[in-house]
Amino acid sequence: MKEVIAMPIHGPDEPVYTIGVMARLVGVSAQTLRAWEREGLVCPQRTSTNNRLYSENDFHRLIRIRDLAAQGINPAGIRAILGTAGERPAAKRG
DNA sequence: TTTCTAACA
DNA sequence: TGTTAGGA
């Protein structure tokens, strides 16, 4: 038989999870995800109807945010540790 | 049914 | 962070 290679249809940046799905995946409430966005900890993509769509990348970031928040670190501290949401790691200069 | 914003506790 | 109100 021909070997079937599993090809990812969506990349890690592809926004595919609704807030409800992501809340279950991360283990927090949808309200918490909205609060974190307001704090600038995450910046999910939006649909044409203004619904949030989270990517796998957002998932990993949210796990870390959840971990830091569980340690009593406030949003400003989390921002300082993980960096501002949407911030791209600066490319190495020559 | 799910998600959205805003406001209050 | 949770809850409530009103709307798409």
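The sequence lines fix the lettering, A, B, ..., with proteins before strands; numbering per chain opens at 1.
From A:Leu53, atom CG reaches atom OG1 of A:Thr47 across 6.0 Å, with rounding to the nearest 0.5 Å. With rounding to the nearest 0.5 Å, the separation of CG in A:Leu25 from CZ in A:Phe59 is 5.0 Å.
Taking every heavy atom of both residues into account, A:Arg61 and A:Leu41 meet most closely at NE-O, 2.6 Å. The shortest non-hydrogen separation linking A:Asp58 to A:Ser55 is OD2-N, 2.9 Å.
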What are the atom names and distances for every N/O pair under 3.5 Å that joins the protein to nucleotides 2-8 of chain C?
{"from": "C:dG2", "atom 1": "OP2", "to": "A:Ser29", "atom 2": "OG", "distance (Å)": "2.7"}
{"from": "C:dG2", "atom 1": "OP2", "to": "A:Thr32", "atom 2": "OG1", "distance (Å)": "3.3"}

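Within the 4.0 angstrom heavy-atom criterion, only backbone atoms of the sugar-phosphate kind lie near A:Thr18; the bases stay farther away.
For the side-chain contact (heavy atoms from CB on, under 4.5 Å) test with A:Asn57, the passing option among A:Leu62, A:Asp13, A:Val42 is A:Asp13; the others fail.
Between the OH atom of A:Tyr54 and the C1' atom of B:dC4 there is a distance of 12 Å, given to the nearest Å. Rounded to whole Å, atom C1' of C:dT1 lies 15 Å from atom CD1 of A:Ile65. Between A:Leu53 atom CG and B:dT2 atom C1' there is a gap of 13 Å when expressed in whole angstrom units. For A:Glu37 and B:dT3, the CD to P distance is 14 Å, given to the nearest whole Å. For the pair A:Glu39 CD and C:dT1 P, the computed distance is 9 Å after rounding to whole Å. The separation between A:Arg24 atom CZ and B:dT1 atom P is 15 Å, rounded to whole Å. In this entry the distance linking CZ of A:Arg46 with P of B:dT2 reads 19 Å, nearest Å.
Using a cut-off of 4.0 Å between Lys/Arg side-chain N and Asp/Glu carboxylate O, A:Arg46 and A:Glu37 are scored as salt-bridged.
When distances run from any side-chain atom of A:Asn50 to the nucleotides B:dC4, B:dT3, C:dT1, the shortest one goes to B:dC4.
Between A:Arg52 and the phosphate of B:dT3, there is no side-chain N or O to OP1/OP2 separation shorter than 4.0 Å. Put simply, A:Arg66 has no side-chain N or O that comes within less than 4.0 Å of OP1 or OP2 on C:dT1.
Each of A:Asn51 and A:Arg38 has a nearest nucleotide on DNA chain B; the 5'-most of these lies closest to A:Asn51.
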Determine all donor-acceptor pairs shorter than 3.5 Å in which one atom belongs to a side chain in residues 74-82 of chain A; sequence neighbours excluded.
{"from": "A:Asn74", "atom 1": "OD1", "to": "A:Ala76", "atom 2": "N", "distance (Å)": "3.2"}
{"from": "A:Asn74", "atom 1": "OD1", "to": "A:Gly77", "atom 2": "N", "distance (Å)": "2.9"}
{"from": "A:Arg79", "atom 1": "NE", "to": "A:Glu39", "atom 2": "O", "distance (Å)": "3.0"}
{"from": "A:Arg79", "atom 1": "NH2", "to": "A:Glu39", "atom 2": "O", "distance (Å)": "3.0"}

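With both pairing distances under 3.5 Å, C:dA8 is matched to B:dT2 as a Watson-Crick or G-U wobble pair.
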